[in-house]
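Presented below is the structure to which this report refers.
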Amino acid sequence: MANLSVELKMAGVNVFGHPAKKESLVLQLPDVRNTIASDAAAPLLRGMLRGRVYVKWPYLQEAEIVAVSDARQRISVSGVEQHSSEAAGTWQATAGQTKNAFMTKMGIDIGPLPIMLDVRVCRGYTRGVDGSVEKEYGKELVPYPLQAVLQSRPRPPSGCADPDAPKALSLAPG
């Protein structure tokens with residue numbers, strides 16, 4: 001995949017509730033259309049279902065993929081559903097709103113939106129009666145562009161503690 005680029009431009013990025021009056025530094029994500037245009041992409045996208053990704057950059061939050069969709073169809077665990085003309089229009093409207101929100105709220109130009117992921121964002125952890133810890137995901141489906149999710153959590157910078165690293169438990173008195 002291509003590298004990220006940045007550009008200084010008039011984008012109207014929302015700063016403290018008002019559109020910026022000057023140029024903003026805008027992050028441009030690579031175009032993923034060529035990557036997913038091959039025949040090998042469909043099984044790969046279907047294999048992403050129930051997978052874990054990270055959303056809400058730069059403050060990453062884990063999410064579970066519930067469905068993968070484009071303007072023609074929606075693939076979920078229950079099967080493939082072809083969009084009606086009304087559903088295709090709704091998908092296009094959602095894609096446009098998502099693209100606009102990324103630009104105005106975060107200063108990210110996500111480019112064309114060929115694929116959207118419906119995800120359930122992790123709300124936190126729950127402890128079971130037996131002491132086991134499980135992740136709890138929200139019920140609301142949130143659409144995210146394919147190019148705006150990370151498949152793995154990046155390493156923390158050197159000198160910072162890894163939040164996912166196992167922690168030692170000391171049972172010693174004191």
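In this chain, residues are counted from 1 in sequence order.
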Report summary line: Excluding Leu141, membership of its hydrophobic cluster (Ile, Leu, Val, Met, Phe, Trp, Tyr; side-chain heavy atoms within less than 4.5 Å) reads Val66
Query - Residue pairs involving residues 12-26 (criterion salt bridge (Lys or Arg N to Asp or Glu O under 4.0 Å); sequence neighbours excluded) - result: none
Query - Same cluster (ILVMFWY, side-chain, under 4.5 Å), Val55 and Leu60 - result: yes
Requested in this report: Kindly work out whether a path of hydrophobic side-chain contacts (I/L/V/M/F/W/Y, heavy atoms less than 4.5 Å apart) joins Val53 to Val142.
Outcome: yes
Query - Test salt bridge (Lys or Arg N to Asp or Glu O under 4.0 Å) applied to Glu134 - qualifying residues, sequence neighbours left out - result: none
Query raised in the report: Is it true that a side-chain atom of Lys99 and a backbone atom of Gly111 form a donor plus acceptor pair closer than 3.5 Å?
Result: yes
Query raised in the report: When rounded to the nearest 0.5 angstrom, what distance separates OH in Tyr144 from OH in Tyr54?
Result: 14.5 Å
Query raised in the report: What are the two closest heavy atoms between Ala71 and Ala88, and how far apart are they?
Result: O-CB, 3.5 Å
Query - side chain to side chain donor-acceptor pair (under 3.5 Å) involving Arg127 - partner list, sequence neighbours excluded - result: none
Report task. Mind checking the CD1-CG spacing from Ile65 to Leu146? Nearest 0.5 Å is all I need. Result -> 8.0 Å
Report task. Would you confirm whether His83, through its side chain, and Asp70, through its main-chain N or O, come within 3.5 Å as a donor-acceptor pair? Result -> yes
Query raised in the report: Are Tyr125 and Glu136 side-chain neighbours, meaning at least one heavy-atom pair lies under 4.5 Å?
Result: no
Query - Contact summary for Leu29 and Gln147, nearest pair of heavy atoms - result: CD1-O, 3.5 Å
Requested in this report: Report yes or no: does Glu62 contribute a side-chain atom to a donor-acceptor pair with the main-chain N or O of Tyr137 at less than 3.5 Å?
Outcome: no
**Report entry** In one Ile/Leu/Val/Met/Phe/Trp/Tyr side-chain cluster, 4.5 Å: Met106, Met10
**Finding:** no
Query raised in the report: Hey, is the main chain of Val80 close enough, under 3.5 Å, to the side chain of Gln73 for a donor-acceptor pair?
Result: no
Requested in this report: Answer yes or no: is there a side-chain heavy-atom contact under 4.5 Å between Trp57 and Ile108?
Outcome: yes
N/O donor to acceptor pairs below 3.5 angstrom from side-chain atoms of residues 113-122, sequence neighbours left out:
| residue | atom | partner | partner atom | Å |
| --- | --- | --- | --- | --- |
| Asp118 | OD2 | Arg74 | NE | 3.2 |
| Asp118 | OD2 | Arg74 | NH2 | 3.1 |
| Arg120 | NE | Glu64 | OE1 | 3.4 |
| Arg120 | NH2 | Glu64 | OE1 | 2.5 |

Query raised in the report: For the atom pair CE (Met103) and CG (Leu27), what is the distance rounded to the nearest 0.5 Å?
Result: 9.5 Å
Query raised in the report: In chain order, what residues pass the side chain to side chain donor-acceptor pair (under 3.5 Å) check against Ser132, with sequence neighbours excluded?
Result: Asp130
Query - Taking every non-hydrogen atom, the tightest pair across Thr94 and Pro143 - result: CG2-CG, 3.8 Å
